[in-house]
2 protein chains.
Amino acid sequence: MVDRIRRIPEATVARLPVYLRSLAELVDEKIATVSSERLAEMAGVNAAKVRKDLSYLGSYGTRGVGYDVEYLLFQMSRELGLTHDWPVAIVGAGNLGQALANYGGFTQRGFPVAVLVDADASKVGQIIHGVRVHHIDELPELSATLGIGIGIIATPASAAQDVADRLVAAGVASILNFAPAVISVPDGTSLRKVDLALELQILSFYQEHRDLESDGAPPHQAPLAPG
Amino acid sequence: MVDRIRRIPEATVARLPVYLRSLAELVDEKIATVSSERLAEMAGVNAAKVRKDLSYLGSYGTRGVGYDVEYLLFQMSRELGLTHDWPVAIVGAGNLGQALANYGGFTQRGFPVAVLVDADASKVGQIIHGVRVHHIDELPELSATLGIGIGIIATPASAAQDVADRLVAAGVASILNFAPAVISVPDGTSLRKVDLALELQILSFYQEHRDLESDGAPPHQAPLAPG
DNA sequence: CTTCGCTTGTGATCATGTGCACGACCGGAG
DNA sequence: CTCCGGTCGTGCACATGATCACAAGCGAAG
Ligand SMILES: NC(=O)c1ccc[n+]([C@@H]2O[C@H](COP(=O)([O-])OP(=O)(O)OC[C@H]3O[C@@H](n4cnc5c(N)ncnc54)[C@H](O)[C@@H]3O)[C@@H](O)[C@H]2O)c1
Ligand SMILES: NC(=O)c1ccc[n+]([C@@H]2O[C@H](COP(=O)([O-])OP(=O)(O)OC[C@H]3O[C@@H](n4cnc5c(N)ncnc54)[C@H](O)[C@@H]3O)[C@@H](O)[C@H]2O)c1
């Protein structure tokens with residue numbers, strides 16, 4: 001493969017974290033090498049796809065043997081940018097924002113919650129899971145000081161676009177949106193969304209259609225989104 | 001279009017809830033008709049895609065005029081199976097499970113939390129947001145009695161597969177998994193996942209690559225996933 | 001009744017993603 | 001040194017999805 005001409009397809013990027021998790025499990029089990037077949041089973045995809053996906057990272061496998069688990073884990077972490085932490089800012093210290101702040105899993109995976117911000121003065125000053133709530137007007141300084149890389153929107157939908165604009169203005173170029181609203185960001189900013197109601201409605205669709213006709217509505221394994 | 005030969009593409013199904021939300025906003029604003037262009041802008045997609053997506057539902061538009069908002073909303077709700085409620089069971093009454101139960105948005109959109117179940121005896125009997133926590137062994141009866149249509153997994157990853165198996169055994173054919181684990185379900189069962197750490201890692205990838213090279217890494221608007 | 005501007009519905013084309021099949025290559029055995 | 005079982009890397013064909021472009025059809029105006 002010609003080095004550096006590889007632009008990794010979006011669909012592949014979305015699967016890398018799944019492989020990463022599988023590799024982490026293998027490390028825990030002290031397994032040194034793994035075949036594409038085994039990895040495919042763990043990740044819930046097919047083996048050819050695993051090989052093609054991994055080939056975008058480089059030729060890290062050994063024919064007849066498989067992949068060295070630790071080496072592949074390292075290379076993948078590097079590619080995903082997980083060799084350093086990404087401090088996160090959560091906007092909206094309500095029900096959801098607090099639950100996320102209380103969850104230890106993010107810090108553990110390299111995404112420490114560095115700060116919470118809210119527009120409601122009565123929330124400012126509260127300490128949640130060791131993190132102080134600041135006023136949203138302080139976002140630009142906080143962002144610079146703490147090196148915020150990712151912003152999470154956990155406000156009502158009506159405020160989501162405004163919050164996104166503020167995050168972008170504060171230099172945050174990666175946003176994860178939990179509010180059920182379509183928001184737009186300038187080029188050069190990444191935006192992903194998590195919409196629980198939408199997921200339930202999709203499930204509703206397939207369920208309803210299974211119930212109606214007893215035909216072969218495709219058993220629906222979630223694709224990732226490039227999504 | 002030949003009626004009933006329409007099998008709606010997965011990518012389209014994943015966008016229908018977004019159109020639905022847009023239509024609901026238009027109803028609130030008392031707007032009677034809408035063009036594909038306007039709807040596209042609200043949903044954050046392009047107009048041709050809107051028209052093609054809607055055409056799978058049938059020919060509900062009027063050339064030269066647009067779509068009747070209320071009529072389209074009704075047809076879409078029907079197609080998505082939202083003309084009736086889908087009682088939900090949340091498995092795992094921990095941090096996340098409780099936050100979800102406390103969130104009113106689901107009931108409002110037709111997905112009432114009918115029951116919480118947990119394996120931890122000390123949680124059983126608690127009332128959260130008016131919903132009682134039951135032991136997971138009671139799942140089969142609860143499912144039948146309450147007419148559970150969708151199960152939400154909010155347990156640690158290690159328990160996710162077991163919980164999924166129990167849900168399937170209890171007759172729940174649609175599952176939304178929040179645990180960071182790959183789980184498998186039999187044909188005829190729908191499975192979708194929401195993995196926050198995975199979303200953050202994807203953002204990390206694009207951010208890192210923007211930082212490294214200053215090239216045109218595609219501004220990344222989340223696709224849905226059938227994700 | 002005819003014309004005209006507007007918007008839908010859809011065939012055609014292009015882009016992306018998936019899966020198969022097989023040659024390339026490795027390491028160990030004889 | 002040669003052979004051989006095993007696994008990777010990838011070219012190719014197919015499936016799905018996105019986008020374009022335009023004829024068809026509607027409603028209003030004259
Ligand atoms: N709670 C859940 O389980 C859940 C589940 C799915 C989706 N959501 C979505 O997540 C979002 C938050 O939900 P929630 O339950 O935490 O709501 P919430 O009302 O409890 O909290 C919202 C917080 O945002 C703050 N806020 C409002 N406007 C703001 C602004 N302009 N700038 C900064 N902060 C602002 C409010 O002060 C409040 O603290 C909503 O969009 C909701 O639809 C929540
Ligand atoms: N809390 C968050 O914000 C958050 C965010 C992202 C992902 N998650 C994921 O969601 C899941 C739950 O997170 P949490 O913070 O609520 O954890 P938690 O430990 O607070 O709650 C887990 C609950 O599941 C119950 N449980 C364990 N095994 C069970 C079984 N076999 N059957 C039924 N119930 C069982 C436990 O008794 C506990 O009440 C985890 O997989 C976590 O990674 C949580």
Contact list (N/O, under 3.5 angstrom) for nucleotides 25-30 of chain C vs protein:
| residue | atom | partner | partner atom | Å |
| --- | --- | --- | --- | --- |
| dC26(C) | O4' | Arg63(A) | O | 3.2 |

As an exercise, state the distance from CG of Leu80(A) to NE2 of His209(B), rounded to the nearest 0.5 Å.
7.5 Å

From the list Tyr71(B), Tyr19(B), Phe74(B), ring pair (Phe, Tyr, Trp, His ring centres under 6.0 Å) with Tyr60(B) holds only for Tyr71(B)

Table of protein N/O atoms under 3.5 Å from nucleotides 18-21 of chain C N/O atoms:
| residue | atom | partner | partner atom | Å |
| --- | --- | --- | --- | --- |
| dT18(C) | OP1 | Arg15(A) | NH1 | 3.3 |
| dT18(C) | OP2 | Arg15(A) | NH1 | 3.1 |
| dT18(C) | OP2 | Arg15(A) | NH2 | 3.1 |
| dG19(C) | OP2 | Lys49(A) | NZ | 3.3 |
| dG19(C) | O6 | Lys52(A) | NZ | 2.4 |
| dA21(C) | N6 | Arg51(A) | NH2 | 3.3 |

Please state how far atom CG in Leu72(A) lies from atom C1' in dC8(D), giving the value in whole angstrom units.
13 Å

Cationic N near anionic O, under 4.0 Å, Asp53(A) to Lys49(A):
no

Decide yes or no on side chain to side chain contact (heavy atoms under 4.5 Å, CB included) for Leu196(B) and Ile152(A), but give the supporting numbers first.
CA-CA 11 Å; Leu196(B) 309 191; Ile152(A) 296 182; over 6 Å; no

Does a side-chain N or O of Tyr67(B) approach OP1 or OP2 of dG9(C) to a distance below 4.0 Å, or not?
yes

In whole angstrom, what separates Asp68(B)'s CG from dT8(C)'s P?
13 Å

Can you tell me if Ser36(B) touches the phosphate of dT8(C), counting only side-chain N or O atoms and a distance under 4.0 Å to OP1 or OP2?
yes

Check the pair Phe205(B), Ser190(A) against side chain to side chain contact (heavy atoms under 4.5 Å, CB included), reporting the backbone distance first and the verdict last.
CA-CA 10 Å; Phe205(B) 173 90; Ser190(A) 298; over 6 Å; no

To the closest 0.5 Å, what do you measure between CD (Glu41(B)) and OG (Ser184(A))?
9.0 Å

Does the side chain to side chain contact (heavy atoms under 4.5 Å, CB included) test come out yes or no for Trp86(B) and Leu200(A), once each step is laid out?
CA-CA 9 Å; Trp86(B) 293 96; Leu200(A) 293 176; over 6 Å; no

Separation of Leu57(B) atom CG from dG9(C) atom P, in whole Å?
10 Å

Would you say the side chain of Leu54(B) lies within less than 4.5 Å of the side chain of Leu39(B), judging by non-hydrogen atoms?
yes

Atom OH of Tyr71(B) to atom C1' of dT8(C): distance rounded to whole Å?
16 Å

Over how many whole Å does the gap from Glu10(B) atom CD to dA18(D) atom P extend?
11 Å

